[in-house]
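When a residue number appears, it is its place in the shown sequence, counting from 1. Note that this is a predicted model, so its numbers are computed, not measured.
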Amino acid sequence: MRYNIVMEKIKTVIIGGGASGLFLATALKTAGKTILFERNDRVGKKLSSTGNGQGNITNALASQTDYFSVRPTHAALLVEIIRAADENALHNDFKKMGVLLSTDERGRVYPASRQASSLTDALRFSVTQKGVDVRLSTRVLSVKQAENGFLLTVENAEKTYTVHAEKVVLCAGGKAAKNFGTDGSAYALAQSLGHSITPVYPSLVQLKTEVAHTKTLKGIRVNDGGLTARLPNGEKVSLRGDIIFTDYGVSGDAVFRISAYIADKINAGVDLEIDLLPDVTEEEIAHALQCKKSAFPDLPDGELLFGIVNNQVGRAVMKRAGGDIRRAAKLCKAFTLPVTGSLGFDYAQVTKGGVPLSEVTEFLESRFARGLYFAGEILDVDGPCGGFNLQWAYSSAMRVADALNRG
């Protein structure tokens, strides 16, 4: 049976029990006067899956890395926010909670346990210790400005009720990975209070490409290959990592990482170039092919690349090259695939786009509704793959906590 109860009055409401909401709750001095609403049956579901379940929480290069925005006009503010609560501060906060972190060769920082759930547990225990009222399986249906704060309509399985809050912080994430509860519905709450939302795009996601030349390559991995994205404006982004051919295009570590740079540009036309042998020159490949052709004159063209690249990949390259050795060498260094799309928000790790930074103050407070704040992925800020987005969740939460603790 559903029923309404007498309106509650509270100092601070945090909407969203993901990484940014948990970080914020642990940092509030008056946490005992705080309610955290989480629509899932437990907090930190997405956090518990980060880094393939190993917990890539930040990166040693976070404060030295550029972050992205659909409307990149506030770079200085982003740098200030990240550096004010950087990867070292995050590391120290977890150390205080008894969690040891370790850094790999690419700067990715993990809990020593290599269990993302241990990060969630530490934050959950800290929030409980602080006396935050965590309400699970609860949806915030609306937020309206009211005298001395905001009036929230809230729903759970048993009842619908109202809460009056002096301050509200939207930490409800973006639109990526709706299986964790981040389906983009929080944008409506921001819009109801006067905010706009930039176009949003799935980022850190598998990419769809033309497959005419890769139909026979499903499941084949290029280990530590080179990957270059050529952008519509003539710029290019290059990196190295694993690339996996799929029936729809490409996946793998390098693909996830490069998608962050092109997510909002795919519709304008982006080409990927795969370097199958980044440590070998085109001339060396051509020479090896010529030697093989001379040594085995009866060898079919499709077999010339054996011992140089994966046999199946070699056949696809030679077929595309029409048997021409010089062209085959070029294709080994730049196997071009036009990007046609991505697998979308259901498979993306993060959202590119959100509430524009032009609509918030330096403390991430709304310019339209005083007392309303934002932290984490709901803002138009995203980072590369490798712990950078969780660092933003932390840094933005600390910026909001600083403002709330002051007043």
Report yes if the distance between the aromatic ring centroids of His195 and Phe374 is under 6.0 Å, otherwise no.
yes
Note: Arg399-Asp402 ion pair, threshold 4.0 Å (strictly below):
no
Any luck finding a side-chain donor-acceptor pair between Ser137 and Asp41 under 3.5 Å?
no
Whether Glu273 and Lys236 form a salt bridge (side-chain N of Lys/Arg under 4.0 Å from carboxylate O of Asp/Glu) is what I want to check.
no
Would you check if there is a donor-acceptor pair between the side chains of Arg39 and Ser185 at a distance under 3.5 Å?
yes
Please find out if less than 6.0 Å separates the ring center of Tyr261 from that of Phe68.
yes
Do Glu377 and Lys175 meet the salt-bridge criterion of a basic N to acidic O distance under 4.0 Å?
no
In Å, rounded to the nearest 0.5 Å, how long is the span from OG of Ser238 to CG of Leu227?
8.0 Å
Closest approach of Ala263 to Tyr201 (non-hydrogen atoms, all atoms of both residues):
O-CD2, 3.6 Å
Hey, could you give me the CG/OG1 distance between Leu24 and Thr34, rounded to the nearest 0.5 Å?
7.5 Å
Would the distance check show the side chain of Arg367 and the main-chain N or O of Ser358 forming a donor-acceptor pair, the cut-off being under 3.5 Å?
yes
Which of these, Leu189, Val154, Thr162, Thr153, sits in a side-chain contact (heavy atoms from CB on, under 4.5 Å) with Leu141?
Thr153
Taking NZ, NE, NH1 and NH2 as the nitrogens, is one of them in Arg326 or Glu283 under 4.0 Å from a carboxylate oxygen of the other?
yes
Any non-hydrogen side-chain atom of Val317 less than 4.5 Å from a side-chain atom of Val313?
yes
With no hydrogens and no angle check, is any side-chain donor or acceptor of Asn59 less than 3.5 Å from a backbone partner on Gly386?
yes
Output yes when a side-chain donor or acceptor of Tyr67 lies under 3.5 Å from a complementary backbone atom of Phe388, and no otherwise.
yes
Residue Lys333 excluded, over 12 heavy atoms near NZ under 6.0 Å
yes
Are Ser69 and Asp380 close enough, and set up right, to give a side-chain hydrogen bond (donor to acceptor under 3.5 Å, both in side chains), and what steps lead you there?
CA-CA 5 Å; Ser69 174; Asp380 177 24; 2.7 Å; yes
Please report the shortest heavy-atom distance between Val237 and Ile258, naming the atom on each side.
O-CD1, 3.6 Å
Exam field: side chain Glu284 to backbone Thr281, donor-acceptor pair closer than 3.5 Å
yes
Would you name the heavy atoms of Thr216 and Ala316 that are closest together and state the gap between them?
OG1-CB, 4.4 Å
Pair Asp93, Tyr394: side-chain N/O donor-acceptor within cut-off below 3.5 Å:
yes
Has the side chain of Thr214 got a donor or acceptor atom that lies under 3.5 Å from a matching backbone atom of Leu217?
no
Check whether Phe37 forms a cation-pi arrangement with Arg135 (NZ or CZ under 6.0 Å from the six-membered ring centre, at most 45° off the ring normal).
no
Where the side chain of Lys29 meets the backbone of Leu404, is there a donor-acceptor pair that is under 3.5 Å apart?
no
Verdict with reasoning, Thr12 to Glu166, per side-chain hydrogen bond (donor to acceptor under 3.5 Å, both in side chains)
CA-CA 6 Å; Thr12 304; Glu166 294 179 24; over 6 Å; no
Is a donor from one side chain sitting under 3.5 angstrom from an acceptor on the other, for Ser113 and Ser118?
yes
Charged tip of Arg320 within 45° of Phe335 ring normal and under 6.0 Å
yes
Got a sec: does the CZ of Arg370 have more than 12 other heavy atoms crowding it under 6.0 Å?
no
Are Lys292 and Phe306 in a cation-pi setup, meaning NZ or CZ lies under 6.0 angstrom from the ring centre and within 45 degrees of the ring axis?
yes
If only side-chain N and O atoms count, and only distance matters, is there a donor-acceptor pair under 3.5 Å linking Ser48 with Thr120?
yes
Residues Gly55 and Pro111: closest non-hydrogen pair is O-CD, 3.0 Å
The side-chain contact (heavy atoms from CB on, under 4.5 Å) partner of Trp392 among Thr58, Ile81, Asp382 is Ile81
Is it the case that more than 12 heavy atoms not belonging to Phe296 sit under 6.0 Å from its CZ atom?
no
Indicate whether the side chain of Ser63 and that of Glu87 have a donor and an acceptor atom separated by less than 3.5 Å.
yes
So, Ser259 side chain and Leu204 main chain: donor-acceptor pair closer than 3.5 Å or not?
yes
Mark yes or no for whether Thr351, through its side chain, and Ala176, through its backbone, hold a donor-acceptor pair below 3.5 Å.
yes
Side chain to side chain, Phe256 and Leu207, heavy atoms closer than 4.5 Å
no
When every non-hydrogen atom of Gln54 is compared with those of Tyr110, the smallest separation belongs to O-CD2, 3.5 Å
Checking the side chain of Ser395 only, and the main-chain atoms of Ala85 only, is there a donor and an acceptor separated by less than 3.5 Å?
yes
State whether the side chain of Asn40 and the backbone N or O of Phe180 hold a donor-acceptor pair below 3.5 Å, judged by distance alone.
yes
